[in-house]
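When a ligand or atom number is given, it counts from 1 through the structure's own listing order. All values below were derived from every heavy atom in this structure, side-chain atoms included, with hydrogens, water molecules and symmetry-related copies excluded. For the single chain, residues carry numbers from 1 onward in sequence order.
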Amino acid sequence: MKKILITRKLIKDSEDKAQKIFEVKLNSNDELYSQAKLIELTQGCDGILTSLTEKMDADAINKLPKSIKIISNFAVGFGNIDLEAAKKRGIAVTNTPEVLSDATAEIGILLILGACRRASEGIDAARLSNWKWSADYLIGKQLTRSRLGILGMGRIGQKIAKIAKSLGMIIHYHNRSKLSADKEQGAIYHDSLKSLFSVSDVLSICCPATKETVNLINKQTIEYFPTGAVITNVARGDIVDDEALIDALNRRKIYAAGLDVYKNEPNLNPGYLKIKSAFILPHLGSATKDTRIAMANLAIDNIDEFFNTGNCKNIVN
Ligand code: NAP
């Protein structure tokens with residue numbers, strides 16, 4: 001029986017499933033392991049089931065025992081793992097695509113609604129009972145007939161596009177490659193960031209965090225947007241230069257921001273705290289019970305498939 005380390009506590013059904021297939025080292029206290037402790041715990045293991053809280057950089061990967069053949073990440077994103085370093089060590093890295101797309105798209109839409117319709121301010125006022133209705137009280141931005149720019153029209157981006165279209169938004173997108181017409185569903189392709197941003201009344205960031213996308217939203221690219229645009233990010237914090245976005249919010253170049261993710265989670269850049277139009281969530285994209293179980297089951301199945309066949313359809317390196 002193969003032996004695996006599961007670095008974070010999973011929903012019980014998933015831990016039970018893993019224990020039927022593997023000899024498992026669980027983390028019942030859901031402790032955040034230091035790199036040194038994680039490496040120590042992998043001794044004697046054949047695989048690791050990691051979460052985005054484990055930073056598997058080259059240094060950590062090079063210290064893993066030779067017995068480790070797979071790192072199965074409990075996420076579709078894999079910015080926490082150095083794929084090249086793993087490849088050099090002959091370690092396969094897998095992810096959990098598709099099963100979390102619906103739940104994450106829901107949060108993507110919540111960010112758009114929350115930022116455009118001033119939900120943070122509204123919630124604060126309602127809780128304090130200190131508001132008074134008037135014809136111009138907490139006027140927000142209407143989604144109907146607004147242009148939604150999607151940066152990264154992949155699995156999640158396409159689902160957000162479909163829901164946003166049903167809300168009356170006009171969809172534009174940028175990927176490095178244009179999609180086929182059946183995937184585009186009438187969305188308008190832009191071959192550059194500048195072209196997309198210049199028509200985005202609202203932006204939804206849905207691309208992965210990679211070397212190419214780090215700080216794509218920065219001092220220079222923010223100027224491409226129409227004044228009063230809204231920027232939302234359901235992908236990864238690394239894609240946004242927070243200082244540049246905070247500055248643009250303060251000078252009202254950008255009307256509002258909706259963020260499910262941000263740099264240095266869980267520590268929010270304090271600059272956002274003073275901005276009433278910032279609608280910010282604590283990385284809730286895939287946080288539904290069904291989705292978390294489906295993700296964990298897929299992460300377990302990825303390891304099983306890998307050890308049974310020597311391959312796995314969800315290898316990303
Ligand atoms: P996906 O299907 O691979 O889609 C990613 C899209 O981004 C593709 O259309 C890709 O098109 C585009 N892209 C990649 N690099 C790009 C670049 N340099 N410039 C412009 N577009 C680029 O991935 P997904 O399943 O939709 O997930 C997307 C991301 O969402 C994940 O990587 C993850 O970080 C994040 N996520 C967050 C949460 C959360 O809890 N908030 C949950 C799930 C996922 P091209 O290859 O043609 O460029």
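The Ser177 neighbourhood of ligand 1 comprises atoms 47 (O), with distances under 4.0 Å to a heavy atom of that residue. The ligand atoms of ligand 1 that sit less than 4.0 angstrom from a heavy atom of Thr104 are 38 (C), 42 (C), 43 (C). Interface of Thr213 with ligand 1, defined as ligand atoms under 4.0 Å from a residue heavy atom, comprises 17 (C), 18 (N). Atoms of ligand 1 lying under 4.0 Å from any heavy atom of Glu212, numbered from 1 in the order shown and given with element: 18 (N).
No continuous path of hydrophobic side-chain contacts links Ile150 to Leu216 [ILVMFWY only; heavy atoms under 4.5 Å]. In terms of hydrophobic clustering, with Ile, Leu, Val, Met, Phe, Trp and Tyr side chains grouped at heavy-atom distances under 4.5 Å, Phe307 and Ile21 are assigned to a common cluster.
Using a 4.0 Å cut-off between heavy atoms, Val76 contacts ligand 1 through its side chain alone, with no backbone atom that close. Residue-level proximity to ligand 1 for Arg155 is carried by backbone and side chain together, each with a heavy atom below 4.0 angstrom. With a 4.0 Å cut-off on non-hydrogen atoms, Arg176 touches ligand 1 through its backbone as well as its side chain. Contacts with ligand 1 closer than 4.0 Å are made by backbone heavy atoms (N, CA, C, O) of Ser286 only, the side chain lying farther away.
Thr42 places no side-chain N or O within donor-acceptor distance of the main-chain N or O of Cys45, the cut-off being under 3.5 Å.
What sits closest to atom 37 (C) of ligand 1 on the protein, heavy atoms only, is Val234 O, 3.1 Å. The protein heavy-atom contact nearest to atom 5 (C) of ligand 1 is Pro208 CD, 3.7 Å. Here the protein heavy atom with the shortest distance to atom 22 (C) of ligand 1 is Cys207 CB, 3.9 Å. Scanning the protein heavy atoms around atom 4 (O) of ligand 1, the nearest turns out to be Gly154 CA, 3.2 Å. The shortest contact between atom 36 (N) of ligand 1 and any protein heavy atom is with Arg236 NH1, 3.7 Å.
No side-chain heavy atom of Lys274 sits less than 4.5 Å from a side-chain heavy atom of Ile246. Side-chain atoms of Arg8 and Phe74, non-hydrogen and from C-beta on, never get closer than 4.5 Å to each other. Within the 4.5 Å cutoff, side-chain heavy atoms of Leu179 are placed close to those of Tyr173. The shortest side-chain heavy-atom distance between Leu49 and Ile300 falls under the 4.5 Å cut-off.
Side chains of Asn269 and Tyr262: no donor on one and acceptor on the other come within 3.5 Å. Between the side chains of Ser286 and Arg292, at least one donor N or O sits under 3.5 Å from an acceptor N or O. If you check the side chains of Asp304 and Asn308, you find a donor sitting under 3.5 Å from an acceptor.
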Worked verdict on Asn175 versus Ser177 for side chain to side chain donor-acceptor pair (under 3.5 Å): CA-CA 5 Å; Asn175 275 353; Ser177 37; 5.6 Å; no
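For a threshold of 3.5 Å applied to N or O pairs, the pair formed by Val261 and ligand 1 contains no separation below that value. Residue Asn175 places at least one N or O, backbone or side chain, under 3.5 Å from an N or O of ligand 1. An N or O contact shorter than 3.5 Å is missing between Ala209 and ligand 1 by distance.
Among Ile156, Val99, Thr96, Thr291, the residue whose heavy atom lies nearest to atom 30 (O) of ligand 1 is Ile156. Compare Pro282, Gly77, Gly237, Cys206 by their heavy atoms: the one nearest to atom 29 (C) of ligand 1 is in Cys206. Closest to atom 39 (C) of ligand 1 by heavy atom, among Met295, Lys178, His283, is His283.
The shortest separation from a heavy atom of Ala235 to ligand 1 is under 4.0 Å, placing the residue in contact. Taking a 4.0 Å cut-off on heavy atoms, Thr210 fails to register as neighbouring ligand 1.
Within the structure, ring-ring contact (aromatic ring centres under 6.0 Å, His included) pairs that include any residue of residues 218-247 comprise Phe197-Phe225 (at least two apart or interchain).
Legend: residues meeting side chain to side chain donor-acceptor pair (under 3.5 Å) with Gln142, ordered by chain and number and at least two apart, are Thr144.
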